[in-house]
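Written below as structure tokens is the structure these notes are about.
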There are 2 protein chains.
Amino acid sequence: MGPNVDRRPPVMADVARLAGVSHQTVSRVLNDHPNVRAETRTRVMRAIDQLGYRRNLVARALVTKHSRTLGVVSFDTTLYGPASTVYGIEQAARDAGYFVSIVSLRTIDRAGVNDAIGYLAEQGVDGIVVVAPQRSAARALDDLPAGMPAVAVEGWHQGDVSVVSVDQVEGARLATSHLLELGHETVWHVSGPADWLEAEGRIEGWRAVLTAAGRPIPGTLTGDWSPRSGYQAGKQLAAMAGDVTAVFVANDQMALGLLRAFTEEGVKVPEQISIVGFDDIPESEFFSPPLTTIRQDFGAVGRRSIDVLLRQIESGEPLPHERLVVPPQFVFRGSTAAR
Amino acid sequence: MGPNVDRRPPVMADVARLAGVSHQTVSRVLNDHPNVRAETRTRVMRAIDQLGYRRNLVARALVTKHSRTLGVVSFDTTLYGPASTVYGIEQAARDAGYFVSIVSLRTIDRAGVNDAIGYLAEQGVDGIVVVAPQRSAARALDDLPAGMPAVAVEGWHQGDVSVVSVDQVEGARLATSHLLELGHETVWHVSGPADWLEAEGRIEGWRAVLTAAGRPIPGTLTGDWSPRSGYQAGKQLAAMAGDVTAVFVANDQMALGLLRAFTEEGVKVPEQISIVGFDDIPESEFFSPPLTTIRQDFGAVGRRSIDVLLRQIESGEPLPHERLVVPPQFVFRGSTAAR
DNA sequence: CCGAGTTCTGTTAGCGCTAACATCGGCGGA
DNA sequence: TCCGCCGATGTTAGCGCTAACAGAACTCGG
């Protein structure tokens with residue numbers, strides 16, 4: 001029954017024929033062009049849903065040169081941080097009427113990021129967000145296709161693109177100062193892996209506070225963000241209990257590993273050792289003890305980056321590069337106590 | 001310098017002119033058509049990278065009617081489960097040469113899912129994966145655009161689409177049997193929110209084992225997957241300590257909440273109460289005590305769903321609907337002990 | 001009641017690509 | 001030598017849409 005027996009989906013011309021107008025008028029209705037008579041508009045609308053017509057955005061993109069799609073390149077979107085950032089990006093993009101096409105890299109290196117950007121460019125995205133937490137990845141932004149609007153998240157501040165990030169250095173300062181104020185002689189640090197910008201920023205802030213206070217700077221232990229690596233660091237630190245009274249851990253997952261190692265070794269937190277984490281993942285509040293940590297507002301980072309990117313896209317001109325910094329927030333819980 | 005001073009990116013015709021061939025020959029080279037002389041091919045290739053040409057996949061999609069893009073509709077990709085599933089989907093899709101366009105819903109209801117599917121359809125995706133953990137969302141699959149290949153993940157098994165999911169019922173059976181084998185009289189359950197299919201499946205498996213063993217079936221406590229809701233349930237359960245010796249919690253995050261509540265109330269795990277979680281998030285191994293849980297292979301779910309979807313897309317015909325089930329895996333750790 | 005301006009609607013061209021068909025040259029067999 | 005065939009390349013048309021212009025219909029003041 002009905003005229004739509006063939007399987008081929010209806011096109012604008014079909015709607016036009018049914019409504020007794022030209023396809024251009026249908027186009028006008030769809031694009032809210034002002035100069036369409038109200039009666040014509042409703043006639044077209046009726047035809048549209050009679051046929052179940054949906055416009056073909058591919059054809060539209062071909063002629064307008066705008067796909068209203070944004071590309072996102074990220075790394076391991078299984079982790080809480082990247083996952084939250086990407087979520088924030090997607091929400092903000094969709095609120096602005098854009099789609100999001102995601103490439104999630106297994107390993108992050110310049111070539112991989114470049115490939116991803118290349119694919120996205122072929123696909124006709126209007127702009128690209130690169131969540132580039134590593135030096136090597138951030139550098140890939142240097143050879144973006146000419147004229148492609150882009151923004152880096154958690155990336156490097158030098159180079160040719162705008163960057164949006166949480167102030168890692170400030171976060172580390174907050175954490176370290178807190179421990180010093182509690183009366184600890186110095187603060188140890190379990191850092192993230194080398195080459196990660198966040199890891200570097202946190203080391204920098206930690207060291208800066210210690211230096212300013214004239215405290216000794218212990219050697220850092222290095223983890224890979226995983227609870228297991230924190231556990232291993234915890235074992236080492238536990239062996240030095242007595243010397244160590246305060247630890248700033250570069251993320252909450254590793255802090256959990258430390259907590260576990262300390263429990264096994266009979267080291268009491270916060271009585272013997274105080275711990276501060278970083279991220280404030282949803283679990284942290286329910287660790288034993290609840291974790292004092294630094295909250296990062298990943299949602300805000302996502303939204304700000306889309307703001308910057310859309311401004312670039314919609315201006316059509318290369319804009320001066322911005323560096324937007326989202327402040328971190330100190331969250332006091334039970335894993336830290338006065339010496 | 002060079003011929004490429006204008007800002008407009010080069011098109012196939014530009015390459016053709018430079019290589020001294022027709023644009024069709026360039027197209028043939030790009031698509032690995034066999035009938036191109038080796039020398040011509042290299043000449044074209046040289047022209048391509050001399051100009052920095054990238055093909056326009058939008059134009060290609062318009063004529064081939066295939067965008068090589070898959071749509072994914074999901075819910076709160078901040079959670080470990082959805083995030084991991086989406087990651088698996090994206091990896092599998094890219095390995096197969098497809099892009100992934102994501103819509104991440106804030107709230108999940110039939111209308112929202114429908115809108116999302118509609119947008120994706122306009123955008124010209126070749127197929128859609130709906131991560132539909134709730135009844136209401138799963139139902140939206142009933143009104144997919146005609147002929148659109150689709151697959152549901154963690155969704156309902158009735159209706160018109162293929163479904164890939166972890167066997168929730170079996171997972172719950174594993175957890176509950178384990179506790180019974182340890183000598184517990186019965187097993188309490190902290191379930192996920194109503195309307196969630198996973199929550200229902202876990203209740204079903206739990207209840208089935210208890211019934212089969214002729215044990216009393218305690219009333220369930222209901223959480224919302226968050227650690228906080230687990231914490232609240234834990235407080236209630238702690239008040240009943242003595243009666244309660246074993247709890248099967250519907251996910252690891254809530255189990256963490258229970259652990260915290262029990263610690264606060266002085267209830268020892270596993271000495272007084274045994275706990276089994278569900279998911280095996282990376283943190284679970286480092287809880288105190290390490291959590292006995294049921295592992296879901298989210299990566300496998302993602303891959304299988306892409307398999308099913310691509311088979312549909314590439315056959316071009318509506319295929320019979322499949323129901324693929326990924327087995328869960330029992331992981332024994334320190335939060336359970338013999339009565 | 002006419003012409004100038006304003007709506008509204010239609011016609012044409014073309015986005016960048018691939019499919020389909022046309023053409024051309026060279027090769028082997030009768 | 002000529003024909004037929006096949007491999008390599010070119011030409012043409014058109015995917016579904018919007019931009020740009022052309023034309024029709026309607027307004028309104030003098």
Side-chain angles (χ1 to χ4, degrees), chain A residues 4 6-45 47-48 51-69 121-126 145 316, chain B residues 4 6-45 47-48 51-69 121-126 145 316:
Chain A
N4 193 18
D6 63 331
R7 53 212 348 69
R8 179 184 118 288
V11 298
M12 216 172 244
D14 299 325
V15 176
R17 203 171 313 119
L18 181 60
V21 296
S22 76
H23 63 126
Q24 181 60 265
T25 296
V26 178
S27 170
R28 286 191 184 103
V29 170
L30 252 23
N31 293 306
D32 286 319
H33 189 98
N35 292 347
V36 178
R37 204 154 38 112
E39 192 244 301
T40 309
R41 186 181 301 275
T42 61
R43 198 143 41 90
V44 169
M45 293 302 265
I48 284 175
L51 292 178
Y53 168 77
R54 307 218 64 136
R55 73 168 122 192
N56 180 333
L57 292 182
V58 172
R60 178 196 174 95
L62 181 61
V63 37
T64 61
K65 315 256 191 213
H66 297 296
S67 60
R68 292 196 80 82
T69 298
E122 287 188 346
Q123 212 207 8
V125 297
D126 293 343
Chain B
N4 194 19
D6 62 332
R7 55 216 341 73
R8 178 184 119 289
V11 299
M12 216 173 243
D14 300 324
V15 175
R17 201 171 313 117
L18 182 61
V21 296
S22 75
H23 63 128
Q24 181 61 266
T25 297
V26 177
S27 169
R28 283 195 264 257
V29 169
L30 252 23
N31 293 306
D32 287 319
H33 191 99
N35 293 346
V36 179
R37 206 152 36 110
E39 193 244 300
T40 308
R41 186 181 302 275
T42 63
R43 199 143 39 89
V44 169
M45 293 301 265
I48 283 174
L51 292 178
Y53 169 76
R54 307 218 64 136
R55 73 168 121 191
N56 181 333
L57 292 182
V58 172
R60 177 197 173 92
L62 181 60
V63 37
T64 62
K65 315 254 190 221
H66 298 294
S67 60
R68 293 197 79 82
T69 298
E122 286 187 348
Q123 211 205 10
V125 298
D126 293 344

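So that the names make sense, note that chain A is the first sequence line, chain B the second, and so on, each numbered from 1.
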Distance, nearest 0.5 Å, that separates NE2 of A:His33 from CZ of A:Arg28: 5.5 Å
Rounded distance in Å - CG (A:Leu30) to C1' (D:dG16): 12 Å
Whole angstrom value for the distance that separates P of C:dT7 from CZ of A:Arg28: 14 Å
Atom-pair distance (CG on B:Leu57; C1' on C:dC15), nearest Å: 15 Å
B:Leu62 CG - D:dG14 C1' separation (whole Å): 9 Å
Minimal non-hydrogen separation, B:Glu39 against B:Thr42, with atom names: O-OG1, 2.9 Å
Main-chain N/O of B:Ala19 paired with B:Arg43 side-chain donor or acceptor, under 3.5 Å: yes
Minimum heavy-atom distance between B:Leu18 and B:Leu51, given as atom pair plus value: CD2-CG, 3.9 Å
B:Thr40 side chain near D:dT9 phosphate (N/O to OP1/OP2, under 4.0 Å): yes
For the student: nearest non-hydrogen atoms of B:Ser67 and B:Ala61, plus distance: CA-CB, 3.9 Å
B:Arg37, nearest nucleotide to its side chain (from D:dC17, D:dT9, D:dT18): D:dT9
Spacing between A:Glu39 atom CD and C:dC8 atom C1', to the nearest angstrom: 12 Å
Closest-nucleotide 5' rank along DNA chain D - winner of A:Arg54 and B:His33: B:His33
Sugar-phosphate, base or nothing in reach of B:Ser22, heavy atoms under 4.0 Å: base
Options D:dG16, D:dA8, C:dG10, nucleotide nearest the side-chain atoms of B:Asn35: D:dA8
Distance in angstrom units between A:Arg60 CZ and C:dG16 P, rounded: 17 Å
Sugar-phosphate, base or nothing in reach of B:Val58, heavy atoms under 4.0 Å: nothing
B:His23 NE2 - C:dC15 P separation (whole Å): 12 Å
N/O (side chain, A:Lys65) to phosphate O (OP1/OP2, D:dT18) under 4.0 Å: no
Of the listed nucleotides C:dG16, D:dT9, C:dT18, the one nearest the side chain of B:Val11: C:dG16
Sugar-phosphate only, base, or nothing, as touched by B:Arg55 at under 4.0 Å among non-hydrogen atoms: sugar-phosphate
A:Asn56 or B:Thr25, whichever maps to the more 5' nucleotide of DNA chain D: B:Thr25
Phosphate OP1/OP2 of C:dG16 contacted by B:Tyr53 side-chain N/O (<4.0 Å): no
For atom CD of A:Gln24 and atom P of D:dG16, their distance in whole Å: 16 Å
